[in-house]
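As structure tokens, the structure follows; a few thoughts come after it.
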Amino acid sequence: MIVRQLSCRGSINSHLRAHLKDMARPSSDLAALRKIFSEAKNIAIITGAGVSAESGVPTFRGAGGYWRIWQAQKLATPEAFSGDPSRVWEFYHHRREVMLTKNPNPAHLAIAECEERLSKQGRTVTVITQNIDELHRRAGSKNLLELHGNLFRTRCMSCGHEADNYKSPICAALEGKGAPDPDTNDAQIPVQQLPRCEHEGCHGLLRPAVVWFGETLDSDILTRAEKVLDSCDLCLVVGTSSIVYPAAMFAPQVAARGVPVAEFNMENTPATMRFKFHFHGPCGTTLPPALERHETEQT
């Protein structure tokens, strides 16, 4: 499977864009999707930044994708952290503090409600998300695979220990730091004062437990995602740009074996023409009607 071949974060290439452009246009027939939904036993839902944007979470893509004078994606690399851990921790501290003010929106809630409802019928809903914001978990999703890690987990650079971390601020030196205004100077916090490991007296430097650009995705999570994609009989792609590997190829891979795929997005993506359905508009508006209880469902 292509999951095995492309386990490092990167962008979809121009040749695939050109190939997809020539394919048939997908349907927007909600009734047709609902009939397939009513019969599906194993549903995979792949989500991206677009589903959280409606909760006010910055996507860090496009013209607005800057923190201070830095393009956000340039800070999400091992090299950036190695070169200036204080700056990178300011950036992630800001993101953590912002996320503490955000709540799941109707799309997150519809997915979680659907999972709980269908589980009582012996049916399975699994969320495979590129998001690190934890909104799916807070909405109530249980079958959740976080491809790119979690903003509220840390990993020790010395001992490798990972742990949930909801401290606000995450350390005393970061209190009041991380303002995104381009006129704000870097705090230049000494590395000894940045978040440190508390596991068995290690005291090593912590980093966010997220997958940065250029890093390999967790092999266990990829294996689980592979099994979900291999067994699903319906796939929904919600709020993802379909340009970041390997997730960009998950849904096209499913579609290639004849499984219906429905895309929910504000715009077409490079993969749109590979799918059976496309529903244009805010995910919080278009997704709930697709996932609500079907008239044939058990009560």
Side-chain angles (χ1 to χ4, degrees), residues 26-57 102-131 133-147 224-225 227-229 231-242 247 250-252 254-255 258-269 271-272 274-299:
S27 168
S28 59
D29 186 342
L30 181 60
L33 172 62
R34 291 280 291 161
K35 185 176 189 307
I36 295 170
F37 168 77
S38 72
E39 299 169 351
K41 301 298 184 184
N42 297 291
I43 302 171
I45 303 181
I46 302 168
T47 70
V51 72
S52 292
E54 293 175 39
S55 291
V57 179
K102 307 303 180 184
N103 295 301
N105 64 55
H108 296 108
L109 297 172
I111 291 170
E113 190 278 333
C114 179
E115 177 193 331
E116 181 180 18
R117 189 181 79 241
L118 296 193
S119 69
K120 298 173 182 176
Q121 304 171 25
R123 302 161 68 191
T124 302
V125 175
T126 305
V127 178
I128 303 172
T129 187
Q130 301 168 76
N131 299 336
D133 54 39
E134 220 179 42
L135 288 179
H136 281 300
R137 194 180 303 278
R138 287 167 54 190
S141 290
K142 302 285 194 302
N143 295 331
L144 178 63
L145 300 177
E146 295 171 314
L147 293 174
R224 292 165 63 191
K227 290 179 179 178
V228 169
L229 296 168
S231 63
C232 73
D233 49 10
L234 174 62
C235 179
L236 309 183
V237 187
V238 184
T240 175
S241 60
S242 292
F250 286 177
V254 170
V259 173
V261 177
E263 182 180 56
F264 296 79
N265 213 327
M266 288 293 294
E267 56 192 19
N268 287 357
T269 73
T272 297
R274 294 285 292 273
F275 302 149
K276 187 175 183 67
F277 299 97
H278 174 85
F279 297 94
H280 184 87
C283 303
T285 301
T286 59
L287 187 62
L291 297 182
E292 67 185 6
R293 184 181 295 276
H294 191 270
E295 60 185 10
T296 61
E297 282 186 44
Q298 305 167 13
T299 56

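- Screening Val254, Asn42, Val228 for a side chain to side chain contact (heavy atoms under 4.5 Å, CB included) with Cys235, the sole residue that qualifies is Val254.
- From Asn131, atom CG reaches atom CZ of Arg137 across 12.5 Å, with rounding to the nearest 0.5 Å.
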query = Yes or no on side chain to side chain contact (heavy atoms under 4.5 Å, CB included) for Thr272 and Glu267, after CA distance, side-chain angles and deciding distance?
reply = CA-CA 9 Å; Thr272 297; Glu267 56 192 19; over 6 Å; no

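- Here the CG-NE2 distance, from Asn265 to His278, works out to 6.5 Å after rounding to the nearest 0.5 Å.
- Side-chain contact check for Gln130 and Thr47: no donor-acceptor pair (N or O, by modelled atom type) lies under 3.5 Å.
- Thr126 contributes atom OG1, which lies 9.5 Å from atom CG of Leu144 (distance to the nearest 0.5 angstrom).
- A heavy-atom distance below 4.5 Å is found between the side chains of Pro252 and Arg274.
- The CG atom of Asn105 sits 5.5 Å away from atom CD of Glu54, with the distance rounded to the nearest 0.5 Å.
- Counting heavy atoms of neighbouring residues, nucleotides and ligands inside a 6.0 Å radius, atom CD of Glu116 does not exceed 12 of them.
- Residues His108 and Ser52 have side chains in contact (heavy-atom distance under 4.5 Å, counting atoms from C-beta outward).
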task = Determine, step by step, whether Glu295 and Ser38 satisfy the side chain to side chain contact (heavy atoms under 4.5 Å, CB included) criterion, reporting the C-alpha distance in whole Å, the side-chain angles of both residues, the deciding distance to 0.1 Å, and the verdict.
result = CA-CA 8 Å; Glu295 60 185 10; Ser38 72; over 6 Å; no

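- By the 4.5 Å heavy-atom criterion applied to side chains, Thr240 and Phe250 are not counted as neighbours.
- Here the closest heavy-atom approach between residue Val259 and residue Cys232 is recorded as CG2-O, 3.7 Å.
- A donor atom on one side chain and an acceptor atom on the other are not found under 3.5 Å apart for Thr286 and His280.
- One finds the SG atom of Cys283 at 8.5 Å from the CE atom of Met266 (value rounded to the nearest 0.5 Å).
- Distance check: Ile36 CD1 to Phe277 CZ gives 4.0 Å after rounding to the nearest 0.5 Å.
- The minimum heavy-atom distance between Glu292 and Glu297, with the atom names listed, is O-OE2, 4.0 Å.
- No side-chain donor-acceptor contact under 3.5 Å links Ser55 to the backbone of Val57.
- A donor and an acceptor atom, one from each side chain of Glu146 and Thr129, are nowhere located under 3.5 Å apart.
- The shortest distance between side-chain heavy atoms of Leu234 and Phe37 falls below 4.5 Å.
- Contact annotation: the side chain of Leu291 never approaches that of Glu113 to less than 4.5 Å [non-hydrogen atoms, C-beta and beyond].
- Annotation for Ala107 and Leu287: closest pair O-CD2, 4.0 Å, computed over non-hydrogen atoms.
- A heavy-atom distance below 4.5 Å is found between the side chains of Ile128 and Leu229.
- Residues Val238 and Ile46 are not in side-chain contact: their nearest non-hydrogen atoms beyond the backbone lie 4.5 Å or more apart.
- The shortest non-hydrogen separation linking Ala139 to Ala112 is O-CB, 3.4 Å.
- No cation-pi contact links Arg34 to Phe279, judged by a cut-off of 6.0 Å to the six-membered ring centre and 45° from its axis.
- Side-chain atoms of Thr269 and Ser241 form no donor-acceptor pair, as typed in the model, at a separation below 3.5 Å.
- The one candidate from Thr124, Leu118, Val127 that meets the side chain to side chain contact (heavy atoms under 4.5 Å, CB included) condition with Ile43 is Leu118.
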